Amino acid sequence: MTLWGGVGKGLRALVGLVLILVGWAGLYTLAAVFVEYPVISGAPPPVRTLGPRGAFHVHTTRSDGRGSVEEVAAAAKAAGLRFVVLTDHNDFEPREPVFIDGVLMVPGVELSTAHGHLVAFGLRRPLAGVSRWMDGGDAERAVQAAGGVSVLAHPVQKRNPWRHLEASWRADGYELYSADTFFRDAQSRPFSRLLPALGALLGNAVHGVMMLVEPGPEPLARLLELELTRPRVALCAHDAHGLPRYEDVFRAMALYLPVAEGESAEALPTDAREAAERVVRGLAGGGAVCAFRALGEPEGFRLEGLPPGELEAPVGQVLTVRLPPGSDERVRIEVRGAGRLLPDGRSVELFEPGGAQVEAWVRAPGGFFGTRWRPWIVPSPIRVVLRSGER
């Protein structure tokens with residue numbers, strides 16, 4: 001009798017806990033129904049500076065993703081994307097870029113090394129001598145030998161950070177924000193972050209994804225440290241696996257290519273190889289802009305005071321931040337590292353050697369009603385150097 005009584009109490013306690021968790025998540029489902037995006041909206045500026053938008057770092061059923069290449073393309077098209085950089089784990093077989101239903105699929109790979117994960121794209125030649133769990137430094141050298149772009153994937157993620165110091169100084173790019181890292185960080189706080197986000201997903205899927213966006217200081221601090229040697233390309237990684245759904249993640253965030261003279265701001269070249277070249281050139285050159293597009297489209301954003309295509313400026317240079325039309329008091333400029341925001345709230349002075357990160361943040365919908373500041377537009381950092389003749 002005592003045993004059965006104990007079992008009954010245990011079951012009642014379990015049912016009670018489940019009801020509490022369901023009720024807690026349900027509150028956020030209800031609140032999410034009333035959330036509206038975008039937060040910032042306005043007419044497109046007369047001169048377009050940002051080109052086609054797409055997704056970077058996406059997995060399919062060729063590795064640990066939940067959707068086929070065709071399903072990813074369909075999700076990207078539904079979300080209004082023009083390209084997707086596929087990066088299945090250890091997919092070393094060379095692939096050709098291809099348009100699927102109007103969406104350009106750009107081949108890449110995520111190498112699982114003994115020192116963390118490394119994304120490679122824009123490979124001119126097949127990777128040679130690569131294998132799973134190889135030395136991270138050797139993997140980075142293999143990408144360089146193949147003429148590709150190497151990017152440190154989720155470099156400070158608690159589960160699988162990048163741990164090869166020498167290779168980190170050589171790598172071309174760095175994933176500053178990672179949707180998968182946001183999701184994994186939320187798992188460490190199931191009651192305060194994960195359950196509310198999952199509840200919100202049921203009421204407003206994009207809002208559920210945006211609730212996961214809570215950047216910590218570690219990724220940026222490490223990126224600015226690497227800026228001491230040379231400019232780095234900062235990319236936002238979808239690291240999409242299909243959970244949350246591809247389309248919802250694509251609607252929440254995108255990378256926008258820069259527009260060079262003679263290039264279309266709307267479309268990619270019709271030839272898949274030429275189009276892939278433009279995507280690789282745009283991402284690798286540092287001119288691409290990441291935007292959490294659920295908050296608003298970034299068209300119109302630019303940093304004035306930098307030469308076209310440059311990510312380096314001298315100490316004392318003052319940059320002017322131009323924001324998209326419709327920006328108001330809900331938008332603020334965040335400056336970290338070797339830059340400081342001047343009293344006008346739109347000018348940034350580069351005051352010492354190092355790396356300076358300039359971003360636009362928006363007061364966006366919070367969790368259970370209310371608001372909170374979230375990143376909106378994220379360019380690559382500026383490397384600040386001494387003027388010629390200074391020491």
Side-chain angles (χ1 to χ4, degrees), residues 18-42 53-55 58 65-67 71-72 74-81 84 177-215 236-256 290-299 324 326-332 360-378:
V18 170
L19 289 176
I20 290 173
L21 296 178
V22 170
W24 179 244
L27 289 174
Y28 288 90
T29 303
L30 176 63
V33 172
F34 298 95
V35 172
E36 293 185 359
Y37 291 102
V39 176
I40 305 297
S41 59
R53 60 187 171 220
V58 177
R66 299 167 66 92
E71 289 170 331
V72 169
K77 182 177 181 179
L81 302 188
V84 175
Y177 293 147
S178 164
D180 185 67
T181 296
F182 290 146
F183 183 63
R184 293 184 184 278
D185 287 348
Q187 293 176 35
S188 66
R189 293 159 56 191
F191 195 72
S192 63
R193 281 192 62 190
L194 185 60
L195 267 177
L198 293 178
L201 277 168
L202 299 177
N204 183 330
V206 171
H207 181 52
V209 174
M210 289 303 300
M211 281 183 61
L212 296 171
V213 180
E214 292 191 17
C236 289
H238 293 78
D239 205 350
H241 294 75
L243 184 67
R245 296 190 320 152
Y246 293 108
E247 183 179 338
D248 298 332
V249 178
F250 295 163
R251 288 188 182 277
M253 180 173 72
L255 277 163
Y256 293 72
C290 163
F292 291 89
R293 57 188 293 242
L295 304 176
E297 289 296 326
E299 184 57 62
S327 299
D328 51 28
E329 69 279 355
R330 293 170 295 177
V331 182
R332 76 182 188 196
W361 285 48
V362 169
R363 184 172 284 283
F368 188 66
F369 300 107
T371 60
R372 66 176 304 152
W373 289 100
R374 299 192 191 278
W376 175 26
I377 306 175
V378 184

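In this text the structure is predicted, and so the values were computed from the model without any measurement.
Taking CG of Asp328 as the reference point, atom CZ of Arg363 lies at 11.5 Å (rounded to 0.5 Å).
Within a 6.0 Å radius of CD in Gln187, other residues, nucleotides and ligands contribute more than 12 heavy atoms. Environment of CZ in Arg66: sparse, with no more than 12 heavy atoms of neighbouring residues, nucleotides or ligands closer than 6.0 Å.
Considering every non-hydrogen atom in both Pro190 and Pro196, the closest pair reads O-CD, 4.1 Å. Residues Ala200 and Met211 approach most closely at CB-SD, 3.5 Å, considering heavy atoms. Between Tyr246 and Ala75, the shortest heavy-atom distance links the atoms CB-CB, 3.7 Å. Scanning both residues, Leu212 and Ala186, for their nearest heavy atoms gives CD2-CB, 3.6 Å. Of all the heavy atoms in Val72 and Gly67, the pair that sits closest is CG2-O, 4.3 Å. Pairing each heavy atom of Pro375 with each of Val213, the nearest pair is CG-CG1, 3.9 Å.
The closest donor-acceptor contact from the side chain of Thr29 to the backbone of Gly199 lies under 3.5 Å. A side-chain donor-acceptor contact under 3.5 Å links His207 to the backbone of Gly366. Arg251 contributes a side-chain N or O that, together with a main-chain N or O of Ala78, makes up a donor-acceptor pair within less than 3.5 Å. Remark: side-chain polar atoms of His238 are not paired, donor with acceptor, to backbone N or O of Phe250 under 3.5 angstrom. Under a 3.5 Å cut-off, the side chain of Asn204 and the backbone N or O of Val35 do form a donor-acceptor pair.
Side-chain atoms of Cys290 and Leu255, non-hydrogen and from C-beta on, do get closer than 4.5 Å to each other. The closest side-chain heavy-atom distance from Val331 to Trp361 is not below 4.5 Å. Within the 4.5 Å cutoff, side-chain heavy atoms of Tyr37 are placed close to those of Pro365. Residues Met210 and Phe292 are in side-chain contact: their nearest non-hydrogen atoms beyond the backbone lie under 4.5 Å apart.
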Can you check side chain to side chain contact (heavy atoms under 4.5 Å, CB included) on Phe183 and Leu194, steps first, answer last?
CA-CA 8 Å; Phe183 183 63; Leu194 185 60; 3.9 Å; yes
Would you please test Leu295 and Ile377 for side chain to side chain contact (heavy atoms under 4.5 Å, CB included) and show each step?
CA-CA 9 Å; Leu295 304 176; Ile377 306 175; over 6 Å; no
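Residue pairs satisfying the salt bridge (charged side-chain N to carboxylate O under 4.0 Å, His left out) criterion with at least one member in residues 199-214, sequence neighbours excluded, are listed as follows: Arg189-Glu214, Arg193-Glu214, Glu214-Arg372.
Between the side chains of Tyr256 and Glu299, not a single donor N or O lies within less than 3.5 Å of an accepting N or O.
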